[in-house]
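Encoded as structure tokens, the structure appears first; notes follow it.
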Amino acid sequence: MALLHKATLKPTKLDLLATWLPDRPWYAGSAGVELVSRGAYRFDDPAGEVGIETILVSTPDGPVHHVPLTYRAGALDGADAWLVGTIEHSVLGRRWVYDGCVDHVYAAALAHAIRTGAGQAEQYFEVDGRREVREPSVTIGVSGAVDADAAPVGPVRRVVDEDNTLVVTDTVELVVVRRPGAAEAAGAALLGRWNGQPTSVPLAYVRMR
């Protein structure tokens, strides 16, 4: 489960992404254009240390981009080239925001979601001691889940950032689809649909090594 905080962020996530996205090889939009959020979903870090959120964004008339992010209380060693930026969180303080594809916590969470069929984490707020569930803005499903008892993912060994992003670990290869479209899932995949996308489309794949 993912605990959310009612907080102010400076800069906002969309402002941060508007600066970072135009330099990505898979970005199909114009620089300097305001981004629109199409939805988001979260995974849970079992250790409770790293926030894991995937945001779907587009320009007003452009394609949707699939952007996994991790939020950390400090810098991730060896990942400076994948730093999206820092934000000031009114509850948690400064957070280092990374492209999730380089973060082993995201890789483990994505692989777990697909291999076990777990999907996304339930999101909630704590309001006066009560749990208030937040309805998801993206509906997540899994196709062709594989062995739930497979070995742990391990560290991220290599990331290839092209039209899609390949994440290589000791036991699996993950393919993160950057511009989700109408393709059908082939094999073990994470699927999603959101407002404006009425049918489920592949968001990521996992392949055993």
Side-chain angles (χ1 to χ4, degrees), residues 1-27 29 31-32 34-58 65-113 120-121 123-126 134 137-138 152-162 164-170 172 174-178 190 203-204:
M1 301 183 75
L3 172 61
L4 306 179
H5 299 276
K6 293 185 176 180
T8 301
L9 303 179
K10 295 182 179 179
T12 68
K13 297 171 189 177
L14 289 181
D15 286 344
L16 202 64
L17 289 176
T19 300
W20 179 78
L21 273 176
D23 291 331
R24 303 308 102 196
W26 38 266
Y27 179 65
E34 183 176 355
L35 295 179
V36 178
S37 174
R38 302 301 183 187
Y41 63 94
R42 286 181 177 261
F43 296 139
D44 185 40
D45 171 19
E49 296 295 328
V50 179
I52 310 170
E53 180 180 31
T54 299
I55 301 177
L56 295 159
V57 297
S58 71
H65 295 81
H66 180 227
V67 188
L69 300 172
T70 56
Y71 306 110
R72 288 177 164 269
L76 177 62
D77 288 345
D80 289 354
W82 301 88
L83 180 68
V84 178
T86 59
I87 58 176
E88 296 296 332
H89 190 289
S90 62
V91 176
L92 300 176
R94 179 165 294 181
R95 310 299 287 177
W96 278 252
V97 183
Y98 288 93
D99 182 337
C101 293
V102 77
D103 197 320
H104 65 279
V105 175
Y106 169 74
L110 175 60
H112 173 79
Q120 66 183 307
Q123 302 176 49
Y124 70 97
F125 297 99
E126 289 286 351
R134 180 182 184 181
S137 54
V138 178
V153 166
V156 173
R157 298 299 187 187
R158 184 164 59 96
V159 178
V160 181
D161 205 24
E162 296 177 341
N164 292 323
T165 302
L166 172 67
V167 181
V168 180
T169 77
D170 290 338
V172 301
L174 300 162
V175 178
V176 176
V177 179
R178 291 301 197 168
L190 188 76
L203 298 175

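Atom set for the values below is all heavy atoms of this structure, side chains included, hydrogens, waters and symmetry mates excluded.
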Review point. Step by step, would you call R72 with V50 a side-chain contact (heavy atoms from CB on, under 4.5 Å)?
Key: CA-CA 5 Å; R72 288 177 164 269; V50 179; 3.7 Å; yes

Rounded to the nearest 0.5 Å, the CD1 atom of I55 sits from the NE2 atom of H66 at a distance of 10.5 Å

Output for pair (L56 CG, L35 CG), nearest 0.5 Å, gives 12.5 Å

*Heavy-atom side-chain contact between H65 and R24 under 4.5 Å*: no

Problem - Student check: side-chain heavy atoms of D45 and T70 closer than 4.5 Å - result: no

Looking only at heavy atoms, the pair that brings A111 and V153 closest together is CB-CG2, 3.5 Å

For residues Y41 and L203, determine if any side-chain heavy atom of one lies less than 4.5 Å from a side-chain heavy atom of the other. yes

**Q.** Donor-acceptor pair between T86 and R94 side chains, under 3.5 angstrom
**A.** no

What one should report as the nearest heavy-atom pair of A107 and T169 is CB-CG2, 4.4 Å

Output for pair (R178 CZ, W26 CH2), nearest 0.5 Å, gives 4.0 Å

Rounded to the nearest 0.5 angstrom, the CZ-OH distance for R42 and Y71 is 6.0 Å

*asked:* side-chain contact (heavy atoms from CB on, under 4.5 Å), that's the test. Do V176 and L110 meet it? Break it down for me.
replied: CA-CA 10 Å; V176 176; L110 175 60; 4.2 Å; yes

Closest heavy-atom pair, P11 versus I87, reported as atoms and distance to 0.1 Å, is O-CG2, 3.5 Å

Output for pair (D15 CG, K10 NZ), nearest 0.5 Å, gives 12.0 Å

Quiz item: Is any side-chain heavy atom of W20 less than 4.5 Å from a side-chain heavy atom of V67?
Solution: yes

In terms of heavy-atom contacts, A109 and F43 come closest through CB-CB, 3.7 Å

Chi angles and distances behind the side-chain contact (heavy atoms from CB on, under 4.5 Å) call for W82, V156: CA-CA 13 Å; W82 301 88; V156 173; over 6 Å; no

Worksheet item: Stepwise, does the side-chain contact (heavy atoms from CB on, under 4.5 Å) test hold for V159 with D99?
Response: CA-CA 11 Å; V159 178; D99 182 337; over 6 Å; no

Point to revise | Side-chain donor or acceptor of Y98 paired with backbone N/O of A79 under 3.5 Å | key: no

Got a donor-acceptor contact below 3.5 angstrom from the S137 side chain to the A40 backbone?
yes

All heavy atoms of E162 vs all of P25, minimum pair found to be O-CG, 4.1 Å

Distance col, row E88:CD vs R95:CZ, nearest 0.5 angstrom, shows 11.0 Å

